[in-house]
Number of protein chains: 2
Amino acid sequence: MGAKIFSEKHQITFYETDVTNTVTPAMLVNMIILASEDQTDSLGVGAKAVADLGIGWVVTQYKMDITRLPKQGETIEVSTQATCYNRYFAFREFWVHDSEGHECVHVESIWVTMNHETRKIVTIPERIIAPSHSEKVKMIPRLSRPKKLTEADQLMTKQYRVRYFDIDGNGHVNNSRYFDWLLDALPMSFLTRHNLTSINIRFENEVQYHHIVTSEATLMTDIPDSIVTKHRITMENGDVATEAECHWEPIINHSAQA
Amino acid sequence: MGAKIFSEKHQITFYETDVTNTVTPAMLVNMIILASEDQTDSLGVGAKAVADLGIGWVVTQYKMDITRLPKQGETIEVSTQATCYNRYFAFREFWVHDSEGHECVHVESIWVTMNHETRKIVTIPERIIAPSHSEKVKMIPRLSRPKKLTEADQLMTKQYRVRYFDIDGNGHVNNSRYFDWLLDALPMSFLTRHNLTSINIRFENEVQYHHIVTSEATLMTDIPDSIVTKHRITMENGDVATEAECHWEPIINHSAQA
(Lines give C-alpha, C1' and ligand atoms only; values in the text may rest on other atoms or scores of the structure.)
Protein backbone atom coordinates (compact mmCIF):
# COMPACT_ATOMS: atom_id res chain seq x y z
CA MET A 1 0.00 0.00 0.00
CA GLY A 2 1.45 3.35 -1.04
CA ALA A 3 1.69 6.52 0.98
CA LYS A 4 -1.47 8.61 1.29
CA ILE A 5 -1.65 11.50 -1.15
CA PHE A 6 -3.13 14.78 0.06
CA SER A 7 -4.17 17.52 -2.39
CA GLU A 8 -5.49 21.06 -2.09
CA LYS A 9 -6.19 23.86 -4.52
CA HIS A 10 -4.89 27.39 -4.40
CA GLN A 11 -5.43 30.44 -6.58
CA ILE A 12 -2.23 32.42 -7.04
CA THR A 13 -2.56 36.07 -5.97
CA PHE A 14 -0.62 39.11 -7.15
CA TYR A 15 1.32 39.20 -3.89
CA GLU A 16 2.66 35.69 -4.46
CA THR A 17 4.17 36.63 -7.84
CA ASP A 18 7.12 38.66 -9.12
CA VAL A 19 7.54 41.47 -11.64
CA THR A 20 6.75 38.96 -14.45
CA ASN A 21 3.49 37.88 -12.70
CA THR A 22 5.07 34.47 -12.06
CA VAL A 23 4.82 32.73 -8.68
CA THR A 24 8.05 33.21 -6.71
CA PRO A 25 9.99 30.09 -5.65
CA ALA A 26 9.70 31.28 -2.03
CA MET A 27 5.91 31.45 -2.22
CA LEU A 28 5.78 28.08 -3.97
CA VAL A 29 7.69 26.59 -1.03
CA ASN A 30 5.20 28.19 1.36
CA MET A 31 2.33 26.60 -0.60
CA ILE A 32 3.82 23.09 -0.57
CA ILE A 33 4.64 23.33 3.14
CA LEU A 34 1.06 24.42 3.79
CA ALA A 35 -0.14 21.26 1.98
CA SER A 36 2.07 19.02 4.11
CA GLU A 37 0.92 20.80 7.30
CA ASP A 38 -2.70 20.40 6.23
CA GLN A 39 -2.08 16.70 5.52
CA THR A 40 -0.40 15.97 8.86
CA ASP A 41 -3.06 18.02 10.70
CA SER A 42 -5.80 15.99 9.00
CA LEU A 43 -4.06 12.77 10.11
CA GLY A 44 -3.74 13.95 13.72
CA VAL A 45 0.05 14.25 13.56
CA GLY A 46 0.38 17.98 12.87
CA ALA A 47 3.02 20.34 14.24
CA LYS A 48 1.29 20.59 17.63
CA ALA A 49 1.08 16.83 18.13
CA VAL A 50 4.73 16.53 17.14
CA ALA A 51 5.75 19.40 19.44
CA ASP A 52 4.02 17.59 22.32
CA LEU A 53 6.73 14.91 21.93
CA GLY A 54 9.39 17.59 22.38
CA ILE A 55 10.49 17.38 18.77
CA GLY A 56 9.90 19.09 15.43
CA TRP A 57 10.32 18.32 11.74
CA VAL A 58 13.28 20.06 10.07
CA VAL A 59 13.85 20.04 6.31
CA THR A 60 17.44 19.43 5.21
CA GLN A 61 17.10 19.50 1.42
CA TYR A 62 14.68 20.36 -1.39
CA LYS A 63 15.16 19.40 -5.03
CA MET A 64 12.61 21.14 -7.24
CA ASP A 65 12.19 20.23 -10.91
CA ILE A 66 10.23 22.89 -12.68
CA THR A 67 8.42 22.45 -16.00
CA ARG A 68 6.95 25.92 -15.60
CA LEU A 69 6.16 28.24 -12.71
CA PRO A 70 2.43 29.15 -12.66
CA LYS A 71 1.20 32.71 -13.14
CA GLN A 72 -0.98 35.12 -11.17
CA GLY A 73 -4.66 34.14 -11.25
CA GLU A 74 -4.05 30.46 -12.04
CA THR A 75 -5.64 27.86 -9.78
CA ILE A 76 -3.09 25.17 -8.99
CA GLU A 77 -3.41 21.85 -7.22
CA VAL A 78 -0.70 21.09 -4.66
CA SER A 79 -0.27 17.40 -3.78
CA THR A 80 2.06 15.73 -1.31
CA GLN A 81 2.90 12.35 0.16
CA ALA A 82 5.31 11.13 2.83
CA THR A 83 6.80 8.64 0.36
CA CYS A 84 9.19 6.69 2.60
CA TYR A 85 11.41 6.89 5.67
CA ASN A 86 14.03 5.10 7.68
CA ARG A 87 15.29 5.51 11.24
CA TYR A 88 16.52 9.09 10.80
CA PHE A 89 15.32 10.42 7.46
CA ALA A 90 11.92 10.95 5.86
CA PHE A 91 11.50 11.48 2.12
CA ARG A 92 8.49 13.60 1.13
CA GLU A 93 7.36 14.49 -2.38
CA PHE A 94 5.23 17.34 -3.67
CA TRP A 95 3.62 18.05 -7.03
CA VAL A 96 2.07 21.20 -8.43
CA HIS A 97 -0.37 20.75 -11.31
CA ASP A 98 -2.15 23.42 -13.32
CA SER A 99 -5.91 23.53 -13.93
CA GLU A 100 -5.50 21.36 -17.05
CA GLY A 101 -3.75 18.67 -15.02
CA HIS A 102 -0.27 19.32 -16.42
CA GLU A 103 2.60 18.91 -13.97
CA CYS A 104 4.31 22.25 -13.30
CA VAL A 105 6.64 21.34 -10.46
CA HIS A 106 7.87 18.17 -8.73
CA VAL A 107 9.69 18.50 -5.42
CA GLU A 108 11.68 15.88 -3.52
CA SER A 109 12.60 16.71 0.06
CA ILE A 110 14.43 15.18 3.01
CA TRP A 111 13.36 15.73 6.61
CA VAL A 112 14.64 14.84 10.07
CA THR A 113 13.10 15.12 13.52
CA MET A 114 15.02 17.29 15.97
CA ASN A 115 14.77 17.45 19.76
CA HIS A 116 13.64 20.97 20.73
CA GLU A 117 15.96 21.21 23.74
CA THR A 118 19.13 19.45 22.65
CA ARG A 119 18.75 20.49 18.95
CA LYS A 120 19.96 16.95 18.15
CA ILE A 121 18.48 14.69 15.49
CA VAL A 122 16.38 11.89 16.99
CA THR A 123 14.87 8.66 15.66
CA ILE A 124 11.63 9.42 13.84
CA PRO A 125 8.83 8.19 16.15
CA GLU A 126 6.66 5.57 14.36
CA ARG A 127 3.46 7.09 15.66
CA ILE A 128 3.96 10.45 13.91
CA ILE A 129 4.61 8.89 10.50
CA ALA A 130 2.45 5.73 10.53
CA PRO A 131 -0.82 7.62 9.77
CA SER A 132 0.74 8.83 6.46
CA HIS A 133 1.21 5.19 5.31
CA SER A 134 4.81 6.10 4.55
CA GLU A 135 6.87 3.09 3.45
CA LYS A 136 9.61 2.02 5.89
CA VAL A 137 12.81 1.48 3.90
CA LYS A 138 16.51 0.77 4.51
CA MET A 139 17.68 3.70 2.40
CA ILE A 140 15.68 6.71 1.30
CA PRO A 141 16.37 8.06 -2.22
CA ARG A 142 19.64 9.93 -2.39
CA LEU A 143 19.50 13.55 -3.61
CA SER A 144 22.64 14.88 -5.29
CA ARG A 145 24.49 17.61 -3.43
CA PRO A 146 24.44 21.13 -4.88
CA LYS A 147 27.73 21.93 -6.64
CA LYS A 148 30.00 23.94 -4.33
CA LEU A 149 31.40 27.40 -4.94
CA THR A 150 35.17 27.40 -5.40
CA GLU A 151 37.89 29.95 -4.72
CA ALA A 152 38.18 30.63 -8.43
CA ASP A 153 34.53 31.63 -8.82
CA GLN A 154 33.73 35.26 -9.41
CA LEU A 155 31.02 36.07 -6.89
CA MET A 156 27.96 38.28 -6.88
CA THR A 157 27.34 39.14 -3.23
CA LYS A 158 24.56 40.74 -1.22
CA GLN A 159 23.97 40.97 2.52
CA TYR A 160 20.70 40.52 4.41
CA ARG A 161 19.77 41.21 8.01
CA VAL A 162 17.21 38.72 9.34
CA ARG A 163 14.03 40.72 9.98
CA TYR A 164 11.24 40.39 12.50
CA PHE A 165 8.81 39.33 9.78
CA ASP A 166 11.20 36.60 8.54
CA ILE A 167 10.46 34.64 11.74
CA ASP A 168 7.44 32.35 11.61
CA GLY A 169 5.17 30.90 14.27
CA ASN A 170 7.75 28.22 15.12
CA GLY A 171 10.19 30.94 16.18
CA HIS A 172 12.49 30.12 13.25
CA VAL A 173 13.30 31.87 10.00
CA ASN A 174 10.65 30.77 7.48
CA ASN A 175 12.52 28.45 5.08
CA SER A 176 11.12 30.29 2.08
CA ARG A 177 13.25 33.33 2.97
CA TYR A 178 16.43 31.52 1.94
CA PHE A 179 15.05 31.24 -1.60
CA ASP A 180 14.59 35.03 -1.74
CA TRP A 181 18.11 35.67 -0.44
CA LEU A 182 19.66 33.13 -2.82
CA LEU A 183 17.96 34.39 -5.96
CA ASP A 184 18.08 38.12 -5.15
CA ALA A 185 21.88 37.87 -5.34
CA LEU A 186 21.46 37.54 -9.12
CA PRO A 187 20.86 40.69 -11.19
CA MET A 188 17.30 41.62 -12.20
CA SER A 189 18.41 41.55 -15.85
CA PHE A 190 19.25 37.86 -15.43
CA LEU A 191 16.14 36.96 -13.40
CA THR A 192 13.68 38.53 -15.86
CA ARG A 193 15.34 36.84 -18.88
CA HIS A 194 15.62 33.28 -17.59
CA ASN A 195 13.22 30.63 -16.37
CA LEU A 196 14.27 28.58 -13.37
CA THR A 197 14.12 24.90 -14.38
CA SER A 198 15.49 23.34 -11.20
CA ILE A 199 16.78 24.25 -7.77
CA ASN A 200 18.61 21.98 -5.38
CA ILE A 201 18.97 23.56 -1.93
CA ARG A 202 20.57 22.10 1.18
CA PHE A 203 20.16 23.60 4.63
CA GLU A 204 23.24 23.28 6.84
CA ASN A 205 22.87 25.75 9.70
CA GLU A 206 19.99 27.84 10.93
CA VAL A 207 20.20 31.62 11.04
CA GLN A 208 18.55 33.71 13.76
CA TYR A 209 16.81 37.08 14.15
CA HIS A 210 19.19 40.01 13.55
CA HIS A 211 21.95 37.80 12.08
CA ILE A 212 23.62 39.27 9.01
CA VAL A 213 23.88 36.70 6.24
CA THR A 214 25.84 36.93 3.01
CA SER A 215 24.34 35.51 -0.17
CA GLU A 216 26.96 34.62 -2.78
CA ALA A 217 26.23 33.48 -6.32
CA THR A 218 28.20 32.65 -9.41
CA LEU A 219 27.32 31.78 -12.99
CA MET A 220 29.11 28.59 -14.07
CA THR A 221 31.02 29.17 -17.30
CA ASP A 222 32.58 25.73 -17.78
CA ILE A 223 29.38 23.81 -18.62
CA PRO A 224 28.51 23.98 -22.31
CA ASP A 225 24.87 24.32 -23.40
CA SER A 226 23.43 24.86 -19.95
CA ILE A 227 22.98 27.80 -17.62
CA VAL A 228 23.79 26.94 -14.03
CA THR A 229 24.25 29.19 -11.01
CA LYS A 230 25.84 28.09 -7.74
CA HIS A 231 24.83 29.73 -4.47
CA ARG A 232 25.93 29.89 -0.85
CA ILE A 233 24.58 31.71 2.18
CA THR A 234 27.10 32.20 4.94
CA MET A 235 26.81 33.50 8.49
CA GLU A 236 28.98 36.12 10.15
CA ASN A 237 31.29 33.45 11.62
CA GLY A 238 31.82 32.04 8.11
CA ASP A 239 29.70 28.92 8.64
CA VAL A 240 27.57 27.89 5.69
CA ALA A 241 23.83 28.25 6.28
CA THR A 242 22.66 27.05 2.86
CA GLU A 243 24.07 25.82 -0.44
CA ALA A 244 22.13 25.68 -3.67
CA GLU A 245 22.44 24.97 -7.36
CA CYS A 246 20.01 26.44 -9.89
CA HIS A 247 19.45 25.55 -13.54
CA TRP A 248 17.97 28.05 -15.98
CA GLU A 249 16.82 28.40 -19.56
CA PRO A 250 16.67 31.64 -21.52
CA ILE A 251 13.19 33.10 -22.06
CA ILE A 252 12.54 33.12 -25.79
CA ASN A 253 10.42 36.12 -26.69
CA HIS A 254 8.35 34.66 -29.55
CA SER A 255 6.62 37.93 -30.36
CA ALA A 256 9.97 39.63 -30.86
CA GLN A 257 11.13 36.86 -33.17
CA ALA A 258 7.98 36.75 -35.29
CA MET B 1 -27.74 54.77 -3.84
CA GLY B 2 -24.59 53.82 -1.99
CA ALA B 3 -21.35 52.43 -3.36
CA LYS B 4 -21.29 48.74 -4.25
CA ILE B 5 -19.76 46.54 -1.58
CA PHE B 6 -17.60 43.61 -2.65
CA SER B 7 -16.64 40.82 -0.22
CA GLU B 8 -14.45 37.75 -0.38
CA LYS B 9 -13.28 35.19 2.14
CA HIS B 10 -9.71 34.18 2.90
CA GLN B 11 -8.20 31.63 5.27
CA ILE B 12 -5.03 32.95 6.87
CA THR B 13 -1.99 30.71 6.27
CA PHE B 14 1.14 30.29 8.38
CA TYR B 15 3.17 32.26 5.85
CA GLU B 16 0.93 35.32 6.26
CA THR B 17 1.55 35.48 10.02
CA ASP B 18 4.39 36.46 12.34
CA VAL B 19 6.14 34.78 15.26
CA THR B 20 2.95 35.22 17.34
CA ASN B 21 0.83 33.51 14.62
CA THR B 22 -0.86 36.86 13.96
CA VAL B 23 -1.43 38.18 10.43
CA THR B 24 1.22 40.75 9.52
CA PRO B 25 0.06 44.28 8.61
CA ALA B 26 1.87 43.86 5.26
CA MET B 27 -0.08 40.72 4.41
CA LEU B 28 -3.32 42.33 5.54
CA VAL B 29 -2.68 45.15 3.08
CA ASN B 30 -2.08 42.58 0.33
CA MET B 31 -5.42 40.94 1.17
CA ILE B 32 -7.41 44.19 1.06
CA ILE B 33 -5.76 45.25 -2.21
CA LEU B 34 -6.63 41.84 -3.66
CA ALA B 35 -10.28 42.47 -2.71
CA SER B 36 -10.31 45.87 -4.46
CA GLU B 37 -8.63 44.37 -7.55
CA ASP B 38 -11.18 41.56 -7.59
CA GLN B 39 -13.99 44.12 -7.27
CA THR B 40 -12.74 46.37 -10.07
CA ASP B 41 -12.03 43.33 -12.28
CA SER B 42 -15.59 42.09 -11.71
CA LEU B 43 -16.91 45.53 -12.73
CA GLY B 44 -14.82 45.62 -15.91
CA VAL B 45 -12.59 48.43 -14.65
CA GLY B 46 -9.63 46.41 -13.38
CA ALA B 47 -5.95 47.32 -13.61
CA LYS B 48 -5.74 46.28 -17.27
CA ALA B 49 -8.72 48.37 -18.34
CA VAL B 50 -7.29 51.35 -16.44
CA ALA B 51 -3.80 50.80 -17.92
CA ASP B 52 -5.37 50.90 -21.40
CA LEU B 53 -6.17 54.57 -20.66
CA GLY B 54 -2.47 55.19 -19.98
CA ILE B 55 -3.05 55.66 -16.26
CA GLY B 56 -2.91 53.71 -13.00
CA TRP B 57 -4.33 53.96 -9.50
CA VAL B 58 -1.82 55.05 -6.84
CA VAL B 59 -2.56 54.97 -3.12
CA THR B 60 -1.44 58.02 -1.17
CA GLN B 61 -2.61 57.16 2.36
CA TYR B 62 -3.99 54.32 4.47
CA LYS B 63 -5.50 54.73 7.93
CA MET B 64 -6.09 51.37 9.57
CA ASP B 65 -8.07 51.03 12.80
CA ILE B 66 -7.49 47.65 14.34
CA THR B 67 -9.73 46.00 16.90
CA ARG B 68 -7.65 42.85 16.64
CA LEU B 69 -5.42 41.27 13.98
CA PRO B 70 -6.68 37.79 13.02
CA LYS B 71 -4.63 34.65 13.65
CA GLN B 72 -3.35 31.78 11.53
CA GLY B 73 -6.11 29.41 10.44
CA GLU B 74 -8.94 31.95 10.83
CA THR B 75 -11.25 32.52 7.88
CA ILE B 76 -11.80 36.24 7.45
CA GLU B 77 -14.13 38.20 5.21
CA VAL B 78 -12.57 41.17 3.42
CA SER B 79 -15.03 43.80 2.16
CA THR B 80 -14.44 46.98 0.22
CA GLN B 81 -16.28 49.86 -1.43
CA ALA B 82 -15.23 52.90 -3.45
CA THR B 83 -17.08 55.19 -1.05
CA CYS B 84 -16.73 58.56 -2.79
CA TYR B 85 -14.54 60.64 -5.07
CA ASN B 86 -14.01 64.10 -6.48
CA ARG B 87 -12.03 65.40 -9.46
CA TYR B 88 -8.64 64.19 -8.20
CA PHE B 89 -9.13 61.96 -5.17
CA ALA B 90 -10.97 58.70 -4.52
CA PHE B 91 -11.82 57.51 -1.01
CA ARG B 92 -12.01 53.71 -0.61
CA GLU B 93 -12.89 51.79 2.55
CA PHE B 94 -12.11 48.23 3.58
CA TRP B 95 -13.33 46.05 6.41
CA VAL B 96 -12.04 42.76 7.77
CA HIS B 97 -14.51 40.66 9.77
CA ASP B 98 -13.89 37.38 11.56
CA SER B 99 -16.00 34.24 11.12
CA GLU B 100 -18.36 35.41 13.88
CA GLY B 101 -19.01 38.67 12.04
CA HIS B 102 -17.01 40.85 14.44
CA GLU B 103 -15.12 43.73 12.85
CA CYS B 104 -11.35 43.23 13.18
CA VAL B 105 -10.05 46.04 10.98
CA HIS B 106 -11.42 49.13 9.23
CA VAL B 107 -9.26 50.85 6.65
CA GLU B 108 -9.76 54.25 5.01
CA SER B 109 -7.62 55.03 1.99
CA ILE B 110 -7.04 57.79 -0.52
CA TRP B 111 -6.18 57.15 -4.16
CA VAL B 112 -5.25 59.19 -7.21
CA THR B 113 -4.92 58.32 -10.89
CA MET B 114 -1.47 58.94 -12.36
CA ASN B 115 -0.44 59.18 -16.00
CA HIS B 116 2.03 56.37 -16.74
CA GLU B 117 4.29 58.50 -18.93
CA THR B 118 4.29 61.91 -17.26
CA ARG B 119 3.91 60.47 -13.69
CA LYS B 120 1.50 63.40 -13.11
CA ILE B 121 -1.82 63.15 -11.31
CA VAL B 122 -4.77 63.33 -13.71
CA THR B 123 -8.53 63.82 -13.34
CA ILE B 124 -10.17 60.53 -12.39
CA PRO B 125 -12.02 59.35 -15.55
CA GLU B 126 -15.75 58.90 -14.82
CA ARG B 127 -15.90 55.65 -16.73
CA ILE B 128 -13.44 53.82 -14.45
CA ILE B 129 -15.27 54.76 -11.25
CA ALA B 130 -18.93 54.90 -12.33
CA PRO B 131 -19.39 51.07 -12.24
CA SER B 132 -18.49 51.12 -8.50
CA HIS B 133 -21.47 53.47 -7.81
CA SER B 134 -19.02 55.69 -5.94
CA GLU B 135 -20.61 58.94 -4.75
CA LYS B 136 -19.33 62.10 -6.44
CA VAL B 137 -18.60 64.69 -3.76
CA LYS B 138 -17.01 68.13 -3.38
CA MET B 139 -14.63 67.03 -0.64
CA ILE B 140 -13.61 63.51 0.25
CA PRO B 141 -13.15 62.76 3.99
CA ARG B 142 -9.94 64.24 5.33
CA LEU B 143 -7.46 61.85 6.95
CA SER B 144 -5.18 63.32 9.61
CA ARG B 145 -1.48 63.46 8.73
CA PRO B 146 0.88 61.16 10.60
CA LYS B 147 2.80 63.04 13.31
CA LYS B 148 6.24 64.02 12.04
CA LEU B 149 9.59 63.02 13.50
CA THR B 150 11.47 65.95 14.98
CA GLU B 151 15.15 66.74 15.46
CA ALA B 152 14.82 66.02 19.16
CA ASP B 153 13.57 62.46 18.65
CA GLN B 154 15.87 59.60 19.51
CA LEU B 155 15.76 57.36 16.48
CA MET B 156 15.90 53.63 15.93
CA THR B 157 17.24 53.15 12.42
CA LYS B 158 17.60 50.28 9.96
CA GLN B 159 18.49 50.23 6.29
CA TYR B 160 16.93 48.16 3.51
CA ARG B 161 17.96 47.51 -0.07
CA VAL B 162 14.97 47.12 -2.40
CA ARG B 163 15.05 43.52 -3.60
CA TYR B 164 13.98 41.84 -6.82
CA PHE B 165 11.08 40.14 -5.06
CA ASP B 166 9.85 43.47 -3.62
CA ILE B 167 8.77 44.48 -7.13
CA ASP B 168 5.30 43.39 -8.18
CA GLY B 169 3.65 42.80 -11.55
CA ASN B 170 3.12 46.55 -12.00
CA GLY B 171 6.88 47.07 -11.96
CA HIS B 172 6.65 48.97 -8.66
CA VAL B 173 7.58 48.13 -5.09
CA ASN B 174 4.60 46.29 -3.59
CA ASN B 175 3.09 48.79 -1.12
CA SER B 176 2.98 46.17 1.60
CA ARG B 177 6.80 46.20 1.78
CA TYR B 178 6.76 49.66 3.38
CA PHE B 179 4.82 48.21 6.32
CA ASP B 180 7.55 45.58 6.87
CA TRP B 181 10.30 48.22 6.69
CA LEU B 182 8.47 50.60 9.03
CA LEU B 183 7.67 48.05 11.71
CA ASP B 184 10.93 46.08 11.53
CA ALA B 185 12.72 49.23 12.73
CA LEU B 186 11.18 48.54 16.15
CA PRO B 187 12.81 45.91 18.40
CA MET B 188 11.36 42.38 18.50
CA SER B 189 10.89 42.77 22.27
CA PHE B 190 8.50 45.68 21.58
CA LEU B 191 6.69 44.02 18.66
CA THR B 192 5.94 40.79 20.54
CA ARG B 193 4.65 42.67 23.63
CA HIS B 194 2.32 45.17 21.96
CA ASN B 195 -0.74 44.98 19.75
CA LEU B 196 -0.98 47.44 16.90
CA THR B 197 -4.26 49.34 17.29
CA SER B 198 -3.90 51.80 14.43
CA ILE B 199 -1.54 52.78 11.67
CA ASN B 200 -1.70 55.92 9.58
CA ILE B 201 0.69 55.81 6.63
CA ARG B 202 1.25 58.37 3.91
CA PHE B 203 3.19 57.66 0.73
CA GLU B 204 5.20 60.61 -0.56
CA ASN B 205 7.76 59.29 -3.03
CA GLU B 206 8.20 55.95 -4.70
CA VAL B 207 11.37 53.93 -4.20
CA GLN B 208 12.91 51.76 -6.95
CA TYR B 209 14.77 48.46 -7.33
CA HIS B 210 18.21 48.58 -5.68
CA HIS B 211 17.53 51.84 -3.83
CA ILE B 212 18.75 51.88 -0.24
CA VAL B 213 16.07 53.18 2.11
CA THR B 214 16.41 54.15 5.76
CA SER B 215 13.60 53.32 8.15
CA GLU B 216 13.58 55.56 11.24
CA ALA B 217 11.30 55.13 14.24
CA THR B 218 10.84 56.75 17.61
CA LEU B 219 8.68 56.02 20.64
CA MET B 220 6.79 59.16 21.71
CA THR B 221 7.37 59.86 25.37
CA ASP B 222 5.34 63.05 25.78
CA ILE B 223 1.85 61.52 25.41
CA PRO B 224 0.48 60.21 28.70
CA ASP B 225 -1.51 56.95 28.78
CA SER B 226 -0.87 56.00 25.18
CA ILE B 227 1.89 54.24 23.26
CA VAL B 228 2.64 55.91 19.96
CA THR B 229 5.52 55.39 17.54
CA LYS B 230 6.40 57.77 14.71
CA HIS B 231 8.06 56.47 11.55
CA ARG B 232 9.78 57.78 8.44
CA ILE B 233 11.34 56.07 5.45
CA THR B 234 13.85 58.20 3.60
CA MET B 235 15.70 57.73 0.34
CA GLU B 236 19.43 58.16 -0.28
CA ASN B 237 18.95 61.78 -1.41
CA GLY B 238 17.13 62.54 1.85
CA ASP B 239 13.66 62.72 0.33
CA VAL B 240 10.88 61.20 2.41
CA ALA B 241 9.32 58.09 0.84
CA THR B 242 6.80 57.38 3.60
CA GLU B 243 5.66 58.75 6.95
CA ALA B 244 3.62 56.81 9.47
CA GLU B 245 2.19 56.93 12.97
CA CYS B 246 1.35 53.78 14.90
CA HIS B 247 -0.67 53.32 18.09
CA TRP B 248 -0.14 50.33 20.35
CA GLU B 249 -1.47 48.70 23.47
CA PRO B 250 0.48 46.40 25.76
CA ILE B 251 -0.38 42.69 25.51
CA ILE B 252 -1.78 41.62 28.87
CA ASN B 253 -0.82 38.02 29.58
CA HIS B 254 -3.92 36.82 31.43
CA SER B 255 -2.48 33.41 32.27
CA ALA B 256 0.50 35.03 33.98
CA GLN B 257 -1.80 37.24 36.07
CA ALA B 258 -4.19 34.49 37.14
Side-chain angles (χ1 to χ4, degrees), chain A residues 8 10-11 13-22 24-27 29-35 37-38 41 46-47 71-73 158-177 179-192 208-210 215, chain B residues 8 10-11 13-22 24-35 37-38 41 47 71-73 158-177 179-192 208-210 215:
Chain A
E8 61 189 14
H10 176 74
Q11 187 173 18
T13 66
F14 79 89
Y15 59 88
E16 293 163 342
T17 62
D18 65 15
V19 66
T20 69
N21 297 304
T22 307
T24 70
M27 278 297 179
V29 166
N30 282 328
M31 291 166 199
I32 66 172
I33 293 304
L34 181 62
E37 293 200 347
D38 287 344
D41 280 344
K71 298 271 184 181
Q72 177 184 348
K158 284 184 183 163
Q159 288 197 318
Y160 303 91
R161 189 189 334 92
V162 180
R163 304 176 184 175
Y164 178 71
F165 294 108
D166 294 333
I167 313 292
D168 67 17
N170 298 318
H172 302 290
V173 171
N174 178 332
N175 266 308
S176 72
R177 297 302 199 261
F179 288 79
D180 282 344
W181 298 332
L182 285 168
L183 298 176
D184 183 57
L186 299 171
M188 189 182 220
S189 54
F190 180 89
L191 292 166
T192 54
Q208 312 281 345
Y209 176 60
H210 259 191
S215 175
Chain B
E8 60 188 15
H10 176 75
Q11 185 172 20
T13 66
F14 79 91
Y15 58 88
E16 294 163 342
T17 63
D18 65 15
V19 66
T20 70
N21 298 305
T22 307
T24 69
M27 277 296 179
L28 199 75
V29 165
N30 282 328
M31 291 167 201
I32 67 173
I33 292 305
L34 181 62
E37 293 201 346
D38 287 343
D41 279 342
K71 298 272 186 182
Q72 178 184 347
K158 284 183 183 164
Q159 287 196 319
Y160 303 91
R161 189 191 332 97
V162 180
R163 304 175 184 176
Y164 178 70
F165 294 108
D166 294 333
I167 313 293
D168 67 18
N170 298 318
H172 301 290
V173 171
N174 178 331
N175 266 307
S176 72
R177 297 301 197 264
F179 289 78
D180 281 345
W181 297 334
L182 285 168
L183 297 174
D184 183 58
L186 299 170
M188 188 181 219
S189 55
F190 180 89
L191 291 166
T192 54
Q208 312 281 346
Y209 176 61
H210 260 192
S215 175

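Chain letters run A, B, ... following the sequence lines, proteins first, then strands; residues in each count from 1.
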If you count heavy-atom pairs under 4.5 Å between each of B:Tyr164, B:Phe165, B:Tyr160, B:Phe14 and chain A, which one has the most? B:Tyr164
Examine whether an atom of A:Met27 lies under 4.5 Å from a heavy atom of chain B, and if so say whether it belongs to the side chain, the backbone or both; otherwise answer neither. side chain
Between A:Leu191, A:Asn170, A:Thr13, who has the most heavy-atom pairs with chain B when the cutoff is under 4.5 Å? A:Leu191
For chain A, find which of B:Thr22, B:Ile167, B:Asn30 contributes the most heavy-atom pairs closer than 4.5 angstrom. B:Asn30
Who among B:Asp38, B:Asp166, B:Thr17, B:Ile33 has the most heavy-atom pairs with chain A under 4.5 Å? B:Ile33
Mind ranking B:Asn21, B:Thr20, B:Asn174, B:Asp180 by heavy-atom pairs under 4.5 Å with chain A and telling me who comes out on top? B:Asp180
Measure distances from B:Ser176 to the heavy atoms of chain A and classify the residue's part below 4.5 Å as side chain, backbone, both or neither. neither
What heavy-atom pair brings B:Lys158 and A:Tyr209 nearest, and what distance separates the two atoms? NZ-OH, 3.8 Å
To the nearest 0.5 Å, what is the distance between CD (A:Glu16) and OH (B:Tyr15)? 4.5 Å
Does A:Gln159 offer a backbone N or O that forms a donor-acceptor pair with the side chain of B:Arg161 under 3.5 Å? yes
Side chain, backbone, both or neither: which part of B:His172 has a heavy atom under 4.5 Å from chain A? neither
